[in-house]
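Read through the structure below, which is laid out as structure tokens, and then see the notes.
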Amino acid sequence: MSIAPTQTYRSADPRGGPRIRIEKYTPGHAHAWVSDADTGKRARWVLVRSLHQTPTTRTGQPRRTGYIREDA
């Protein structure tokens, strides 16, 4: 999995949620610095293990937690 600045992710929550953009990430670290993708506000740390490349799990179930990459 490759994480890089400018990538955008959407919330996996079925009820909706924020879209985020990666601002800073150092390979190998457990967190990435993100901000709101639309406004650039609300900057915060997010665990890298919460950033997913696909909308489904290994068993084919839809993801319900974390963030799913949009610009793959």
Side-chain angles (χ1 to χ4, degrees):
M1 170 170 53
S2 177
I3 299 170
T6 72
Q7 290 177 342
T8 58
Y9 291 78
R10 64 177 168 83
S11 175
D13 188 334
R15 297 171 292 173
R19 291 177 58 238
I20 60 172
R21 179 179 49 243
I22 306 295
E23 299 294 336
K24 295 179 185 177
Y25 174 67
T26 303
H29 284 204
H31 294 84
W33 185 249
V34 303
S35 66
D36 184 83
D38 300 318
T39 65
K41 296 181 180 179
R42 199 172 180 280
R44 61 201 179 275
W45 292 105
V46 170
L47 285 169
V48 171
R49 69 175 179 226
S50 297
L51 303 174
H52 307 291
Q53 300 299 310
T54 63
T56 57
T57 64
R58 258 183 273 142
T59 61
Q61 297 297 314
R63 293 192 187 277
R64 299 186 315 163
T65 61
Y67 296 91
I68 301 166
R69 187 168 171 189
E70 289 186 324
D71 56 355

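Basis for what follows: all heavy atoms, side chains included, without hydrogens, waters or symmetry-related copies. The residues of the chain are indexed from 1 along the displayed sequence.
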Q | Thr57 and His52: CA distance, side-chain angles, deciding distance, side chain to side chain contact (heavy atoms under 4.5 Å, CB included) verdict | A | CA-CA 9 Å; Thr57 64; His52 307 291; over 6 Å; no
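- In this structure, Lys24 NZ and Trp45 CH2 are separated by 7.5 Å, a value rounded to the nearest 0.5 Å.
- Put simply, the side chain of Arg63 does not reach to within 4.5 Å of the side chain of Pro55, judged on heavy atoms.
- Partner of Tyr25 under the side-chain contact (heavy atoms from CB on, under 4.5 Å) criterion, out of Val46, Leu51, Ile3: Ile3 alone.
- When all heavy atoms of Ser11 and Gly16 are compared, the closest pair comes out as OG-O, 4.0 Å.
- Between His31 and Leu47 there is a side-chain heavy-atom pair separated by less than 4.5 Å.
- In summary, of the residues considered (Trp33, Tyr67, Tyr9), a side-chain contact (heavy atoms from CB on, under 4.5 Å) with Ile22 occurs for Tyr9 alone.
- Atoms CZ and OG1, on Arg69 and Thr54 in that order, are 12.0 Å from each other to the nearest 0.5 Å.
- The OG atom of Ser35 lies 11.0 Å from the CZ atom of Arg42; values are rounded to the nearest 0.5 Å.
- In this structure, Arg44 and Asp36 approach most closely via the heavy-atom pair NH1-N, 4.4 Å.
- Val34 and Ile20 make their closest contact through CG1-CD1, 4.1 Å (heavy atoms, listed as atom of the first residue, atom of the second, distance).
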